[in-house]
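First up is the structure itself, then whatever we jot down about it.
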There are 2 protein chains.
Amino acid sequence: MTVWDRPEPPARPAPLDRERIVATAIALADEGGLEAVSLRKVAARLDAGPMRLYGYISTKEELFDLMVDEVHGEILPEEPPGDWREALRVRAHRTRQAALRHEWLADLLGGRPALGPNALAVGEATLAALDGLADLGTVLRAVETVSAYVIGAIRREITELRAERATGLSEREWQRAHGPHLRRMLATGRYPALAKAVYDGPDSDAETSFATGLDWVLDAVAVRLAPPRA
Amino acid sequence: MTVWDRPEPPARPAPLDRERIVATAIALADEGGLEAVSLRKVAARLDAGPMRLYGYISTKEELFDLMVDEVHGEILPEEPPGDWREALRVRAHRTRQAALRHEWLADLLGGRPALGPNALAVGEATLAALDGLADLGTVLRAVETVSAYVIGAIRREITELRAERATGLSEREWQRAHGPHLRRMLATGRYPALAKAVYDGPDSDAETSFATGLDWVLDAVAVRLAPPRA
DNA sequence: TATTCAGAAAATACGGTGTATCGACATGAG
DNA sequence: CTCATGTCGATACACCGTATTTTCTGAATA
C-alpha cells in the first residue's frame with residue numbers, strides 16, 4: 001500500500017459559496033437554457049445534495065436574481081463614457097452582447113426588479129451620465145424609454161434567433177418558411193401587407209437593426225435632453 | 001324509485017374543444033399567474049382527466065401560444081385608424097390594456113413567435129396603416145422599433161406592479177422601501193445618482209409614463225416615415 | 001338481438017421538479 | 001470522554017408534463 005493506491009479521502013465536500021453556485025447555474029443556463037437549470041442539477045455539478053444549496057440561497061427565484069446580477073457585471077462599462085448619448089448607446093450594446101452570450105437573459109430581463117449591486121451600479125453609471133441634462137423627471141423618462149426599447153428589441157432578437165435555430169434554417173429562409181404554417185396563412189390572402197413584408201422585405205442583420213432603432217430612440221430622447229437651440 | 005331519486009347519469013363528459021380549453025387556461029392565469037396554469041388544473045376545471053387535453057393540444061407550450069393569440073383578439077382594434085400614428089398609438093395602448101387585464105401576457109409577449117391568426121391580423125392591420133409611407137425596410141423598422149418599446153415598457157410596468165402588490169405598498173412607498181435592501185444599498189453612498197432619483201424623482205402614473213415614452217418614439221419614427229418638408 | 005370492434009376516455013406510470021422535515025454525524029466545548 | 005450544536009444528506013411530499021396501458025362505450029355487423 002503506497003501513497004498512490006491509497007484511496008482518496010471520501011471527497012470532503014468542497015466548500016460552497018454563492019459565487020460558485022451562481023457560476024454553475026449560469027453555465028447550465030448557457031448550455032441548455034433556463035429550463036435546464038434545476039437546483040438538483042446545480043447541486044450535482046458541485047458534488048452536493050440538493051438541500052445543500054439552501055444554505056446559500058433561499059429559493060430558486062433568488063438564484064435567478066443572482067444570475068441576472070452577475071451578468072450585469074459584464075454590462076457595466078469599464079471606462080466612463082464620453083457623453084450621455086455614448087453612455088446610453090454603450091449600455092444598450094453591452095446589454096445586447098451579454099444577452100447574446102447568455103440567451104436566457106432575454107427571458108429574465110425586465111421580468112423582475114433588478115436590485116443587485118451590479119444592476120444598481122449600471123443604473124448609477126447611466127444616471128450619472130445624464131445628470132443635470134434636464135429636470136430629473138425628464139432624465140428618468142429618457143432612461144426608461146431607452147431601456148424599454150433595449151429590453152424589447154433584445155427579447156425579439158433572441159426569440160427569432162431561437163426560432164431560426166429550431167428550424168436549422170437561415171434567418172431569411174426562416175421568415176419565408178417557418179413550417180408550412182406561416183406560408184399557408186399568408187397564402188390565404190387575408191394578410192396582404194404582411195405577405196409583402198415577408199416576401200419583399202429587405203433582410204438586414206440583427207446588429208444594425210438594433211443599432212438603427214436605438215439611434216432613432218436616442219434621437220427622440222436628445223430632443224428632450226439637449227433641445228436644439230431655436 | 002321515482003324520477004326524482006333516480007341518480008343522474010354519470011355526467012357524460014362535456015364535449016371539449018380548444019376554445020374552452022384556452023378560455024379555462026386564461027382564467028387560471030388571470031387568477032394566479034402563468035405558474036398557476038397546469039394541464040392538470042385546466043383539465044380538472046373541465047371535469048376531465050389530464051390526458052384528455054392532448055386530443056386538442058400537443059404540448060403546454062402550444063397552449064401558451066393559443067392563449068397569447070386569443071388575447072391578440074382583444075388587441076385588434078375594431079375600427080380602422082385615422083392615420084399611421086394613430087394606428088401605432090392605438091395598438092400600443094390596446095396591447096397595454098390587454099396586459100393589464102392579463103398580466104401573464106407580459107411574461108409571454110415577445111418571448112415566442114406570434115403566428116396565430118389574431119396576431120397576424122394585428123400585424124396586418126399595423127402594416128396596412130403604414131403602407132406606402134416609406135420604403136418597406138423603413139416601414140418595417142418603424143414597426144419593430146415601436147413594438148420593442150411597447151413590449152419593454154409593458155414588461156417593466158407589470159413587473160413593478162407585481163412588486164408593489166407583493167409588498168402591499170403604494171408605488172411611491174415601494175420605491176422608497178422595497179424591504180430594507182434597497183434602502184441599505186442606497187445608504188452606502190455608492191449610488192448617489194440613483195439615490196437622488198429614488199428620493200427626489202417625481203412620481204408619475206404609469207399610463208402617462210407609457211404614453212409619453214410612446215410619443216417620443218413615435219416622434220422619432222415620424223421623422224423617417226413622414227420627414228418634415230425642409 | 002347479440003357480438004364484435006374501433007375509438008375515446010381514464011387510469012396508471014415515469015422521471016422530473018422545488019422544497020420541508022428529520023436523522024446521522026462531525027466538530028468543538030466542558 | 002461526553003455532550004451539545006449545527007451542518008449535511010437522505011428521505012419524503014406534492015406536484016408537474018407526458019407516455020403507455022387499460023377500460024369502457026357506442027356503432028357496425030352477423
Side-chain angles (χ1 to χ4, degrees), chain A residues 7-68 104 107-108 111-112 162 166, chain B residues 6-68 70 104 107-108 111-112 162 166:
Chain A
E8 289 283 331
R12 282 301 85 235
L16 221 48
D17 58 10
R18 274 154 85 110
E19 272 202 37
R20 268 162 51 74
I21 293 173
V22 171
T24 307
I26 289 179
L28 276 168
D30 287 348
E31 295 162 19
L34 259 199
E35 91 254 290
V37 178
S38 84
L39 296 186
R40 299 169 121 98
K41 282 192 268 207
V42 171
R45 282 223 181 171
L46 297 166
D47 288 322
M51 286 309 110
R52 187 85 183 283
L53 303 187
Y54 283 87
Y56 307 86
I57 280 170
S58 63
T59 190
K60 194 188 185 182
E61 295 284 297
E62 186 178 314
L63 177 56
F64 283 163
D65 286 338
L66 293 172
M67 292 166 66
V68 170
W104 48 270
D107 302 319
L108 298 181
R112 57 195 58 235
R162 284 173 175 155
Chain B
R6 179 170 8 236
E8 289 282 330
R12 280 303 86 236
L16 223 48
D17 58 9
R18 274 155 84 111
E19 272 202 37
R20 267 160 53 75
I21 291 172
V22 171
T24 306
I26 289 179
L28 276 169
D30 287 348
E31 294 162 18
L34 259 198
E35 92 255 288
V37 177
S38 85
L39 297 186
R40 298 169 121 99
K41 281 192 269 206
V42 171
R45 282 223 181 171
L46 297 166
D47 288 320
M51 286 307 113
R52 190 85 184 282
L53 302 187
Y54 283 88
Y56 307 84
I57 279 172
S58 62
T59 189
K60 194 188 186 182
E61 295 285 297
E62 185 178 314
L63 176 57
F64 283 162
D65 286 338
L66 292 172
M67 291 166 67
V68 170
E70 183 67 24
W104 49 269
D107 302 318
L108 299 180
R112 58 194 59 235
R162 284 172 176 157

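Every chain is numbered from 1 and lettered A, B, ... according to where its sequence line falls, protein lines coming before strand lines. In this text, all values refer to a predicted model and were calculated from it rather than measured experimentally.
Comparing C:dT19, C:dT17, C:dA13 against the side chain of A:P50 picks out C:dT19 as the nearest. Nearest to the side chain of B:Y54, among D:dG17, D:dT11, D:dA19, sits D:dG17. Of the candidates C:dT19, D:dG17, D:dT20, D:dG17 carries the atom nearest the B:S38 side chain, counting heavy atoms from C-beta on. Checked against C:dT19, D:dC8, D:dT18, the side chain of A:Y56 finds its nearest nucleotide in D:dC8. Checking D:dA10, D:dC16, D:dA19 against every side-chain atom of B:K41, the shortest atom distance belongs to D:dC16.
Residue B:L34 contributes atom CG, which lies 14 Å from atom P of D:dC16 at whole-angstrom precision. Between B:M51 atom CE and C:dG7 atom C1' the separation is 18 Å, expressed in whole Å. Distance A:L63 CG to C:dT19 C1': 14 Å, rounded to the nearest Å. The nearest whole Å value for the distance from the NZ atom in B:K60 to the P atom in D:dA19 is 15 Å. Going from atom CD1 of A:I57 over to atom P of D:dC8 covers 14 Å, rounded to whole Å. Rounded to an integer number of Å, the gap from CD of A:E35 to P of D:dG17 is 14 Å. Atom CG in B:D47 sits roughly 17 Å away from atom C1' in C:dA11 (whole-Å rounding). One atom, CG of A:L39, and another, P of D:dA10, lie 17 Å apart when rounded to the nearest Å.
Using a cut-off of 4.0 Å between Lys/Arg side-chain N and Asp/Glu carboxylate O, B:R45 and B:E31 are scored as salt-bridged. With respect to A:E62 and A:R18, a salt bridge is recorded, a charged nitrogen being found less than 4.0 Å from a carboxylate O.
Note on A:T59: every side-chain N or O is 4.0 Å or more away from OP1 and OP2 of C:dG18. For C:dA10, the OP1/OP2 oxygens have a side-chain nitrogen or oxygen of B:R52 closer than 4.0 Å.
The closest side-chain heavy-atom distance from A:M67 to A:L63 is below 4.5 Å.
Remark: of the listed residues A:L46, A:L39, A:I26, A:L46 is the sole one forming a side-chain contact (heavy atoms from CB on, under 4.5 Å) with A:I21.
Not a single donor-acceptor contact under 3.5 angstrom links the side-chain atoms of A:R40 to the base of C:dG16.
Closest approach of B:W104 and B:L34 over heavy atoms only: CB-CG, 3.7 Å.
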